[in-house]
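Below is one structure; the comments refer to it alone.
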Amino acid sequence: TRRSSDLNHRKVVAYRAYADGVATGTADHGTHVVGSIIGSSSTEGAAGAEQRGVAYAAKVSFTDIGPADSPGLQVPNDLAGNFFNIDYDNGARIHSNSWGANVNAYTTSTVGVDQASYEMDDLVILFAAGNSGNADLTPSIGAPATCKNCITVGASENEDGTRQANIDNAPGNMALFSSTGLAVGGRIKPDVAAPGFM
């Protein structure tokens, strides 16, 4: 896979087109998520504070695992040695991941997350809990968010939860679609929840 890095760049210090060797545009989910995290206008005064990402002064080392014109992802088999370490070497100490499988299991990918957390102990790895929540609260955390050493993030309702078919619509409640635990092995997951639905 192609990759290049420039640690002096204003925003994107590295882009790695892992899945298919090319950048596929700006419509992908990962692009949306990274914008929510570090987005900031390059034009002075063009955007108000409400249009900035939550860490708008941060930089990003980006690994693209979404093949063009394909619904799936191409995830490296060795997450510790061919995924997290690449961004870590580019200076990343927080690694956000909004992807996973719809299986509450301790998979090979889950092992890779825990291995990376052990080997790079100053790297904070976050994973989305998943979108397999259900009304009967059957455990639905998706791997690799089932890991022991990452922070698993669920989605809560925002200020206006009235659009969700949930009896207890209110800010702070879990969004109905958000996966919930227990995770395999009895671990309490998600670890935290943040607004992900309005």
Side-chain angles (χ1 to χ4, degrees), residues 28-40 49-58 60-63 65-66 73 75 79 83-84 87 92-107 109-118 120-198:
D28 294 333
H29 181 68
T31 304
H32 164 79
V33 172
V34 80
S36 296
I37 297 170
I38 69 162
S40 180
E50 71 281 357
Q51 296 172 318
R52 293 175 171 168
V54 293
Y56 61 88
V60 65
S61 173
F62 194 99
T63 300
I65 58 174
L73 299 175
V75 180
L79 291 179
F83 187 66
F84 296 115
D87 299 317
R93 294 301 178 265
I94 299 173
H95 204 288
S96 176
N97 302 273
S98 292
W99 57 269
N102 291 326
V103 57
N104 189 338
Y106 197 80
T107 65
S109 291
T110 312
V111 171
V113 174
D114 283 334
Q115 179 184 348
S117 294
Y118 176 78
M120 296 164 266
D121 64 357
D122 59 339
L123 178 66
V124 176
I125 300 174
L126 299 105
F127 266 93
N131 297 326
S132 298
N134 50 71
D136 64 4
L137 300 180
T138 303
S140 57
I141 297 292
T146 53
C147 60
K148 300 172 185 176
N149 298 313
C150 77
I151 298 173
T152 301
V153 183
S156 65
E157 293 179 347
N158 207 345
E159 293 178 14
D160 179 13
T162 58
R163 296 183 212 161
Q164 186 171 356
N166 183 345
I167 291 173
D168 299 322
N169 288 329
N173 284 355
M174 290 299 289
L176 187 62
F177 66 83
S178 185
S179 295
T180 57
L182 299 171
V184 62
R187 285 182 294 286
I188 297 173
K189 293 284 183 176
D191 299 294
V192 298
F197 182 88
M198 56 180 245

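In this chain, numbering begins with 1 at the start of the sequence shown. Quick caveat, the model's predicted, so the values are computed rather than measured. All values below come from the heavy atoms of this structure, side chains included, with hydrogens, waters and symmetry mates left out.
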* Are any of the side-chain heavy atoms of Ser36 and Val54 separated by less than 4.5 Å? -> no
* Report yes if some heavy atom in the side chain of Arg187 is under 4.5 Å from a heavy atom in the side chain of Tyr106; otherwise report no. => yes
* Between Pro190 and Thr180, which heavy-atom pair has the shortest distance, and what is it? -> CD-CA, 4.2 Å
* Non-hydrogen side-chain atoms of Ile188 and Leu182 separated by less than 4.5 Å -> yes
* Would Asn131 and Ser179 satisfy side-chain contact (heavy atoms from CB on, under 4.5 Å), going step by step from the backbone distance to the final call? -> CA-CA 5 Å; Asn131 297 326; Ser179 295; 5.6 Å; no
* Which atom names give the shortest non-hydrogen contact between Asn149 and Ser117, and what distance separates them? -> O-OG, 3.4 Å
* Asked: Is there a donor-acceptor pair under 3.5 Å between the side chain of Thr110 and the backbone N or O of Cys147?
  -> no
* Structure fact -> In short, Thr138 meets Asn134 closest at the heavy-atom pair N-OD1, 2.8 Å
* Asked: Is the backbone of Gly133 close enough, under 3.5 Å, to the side chain of Ser178 for a donor and an acceptor to pair up by distance?
  -> no
* Answer whether the closest heavy-atom distance between the side chains of Asp191 and Phe127 falls below 4.5 Å. => no
* **Heavy-atom check, side chain of Phe84 versus side chain of Ile125, under 4.5 Å** => yes
* For the residue pair Ala193 and Ser156, what are the closest heavy atoms and their distance? -> CB-CB, 4.3 Å
* Do Cys150 and Leu126 pass the side-chain contact (heavy atoms from CB on, under 4.5 Å) test, and can you show the C-alpha distance, the side-chain angles, and the key distance before you say yes or no? -> CA-CA 6 Å; Cys150 77; Leu126 299 105; over 6 Å; no
* Asked: Between OG of Ser109 and CG of Leu79, what distance do you get to the nearest 0.5 Å?
  -> 5.0 Å
* Whether over 12 other heavy atoms sit under 6.0 Å from Ile94 CD1 -> no
* Structure fact -> dist Lys189:NZ -> Ile141:CD1 (nearest 0.5 Å) comes out at 8.0 Å
* Flag side-chain contact, heavy atom, 4.5 Å: Leu123 against His95 -> yes
* Return the minimal non-hydrogen interatomic distance between Ala129 and Gly154, and the atom names on each side. => CB-CA, 4.0 Å
* Would you check if Val113 and Val111 make a side-chain contact, meaning some heavy-atom pair closer than 4.5 Å? => no
* Asked: How long is the span from the CD1 atom in Ile65 to the CZ atom in Phe83, to the nearest 0.5 Å?
  -> 5.0 Å
* Going by atom types alone, do Ser61 and Asp87 pair a side-chain donor with an acceptor below 3.5 Å? -> yes
* If you measure from the Lys or Arg side-chain nitrogens to the Asp or Glu carboxylate oxygens, is any gap between Arg93 and Asp122 under 4.0 Å? -> yes
* If you take all heavy atoms of Val184 and Asn104, which pair is closest and at what distance? -> N-OD1, 2.7 Å
* 4.5 Å side-chain heavy-atom contact, Trp99 and Pro144 -> yes
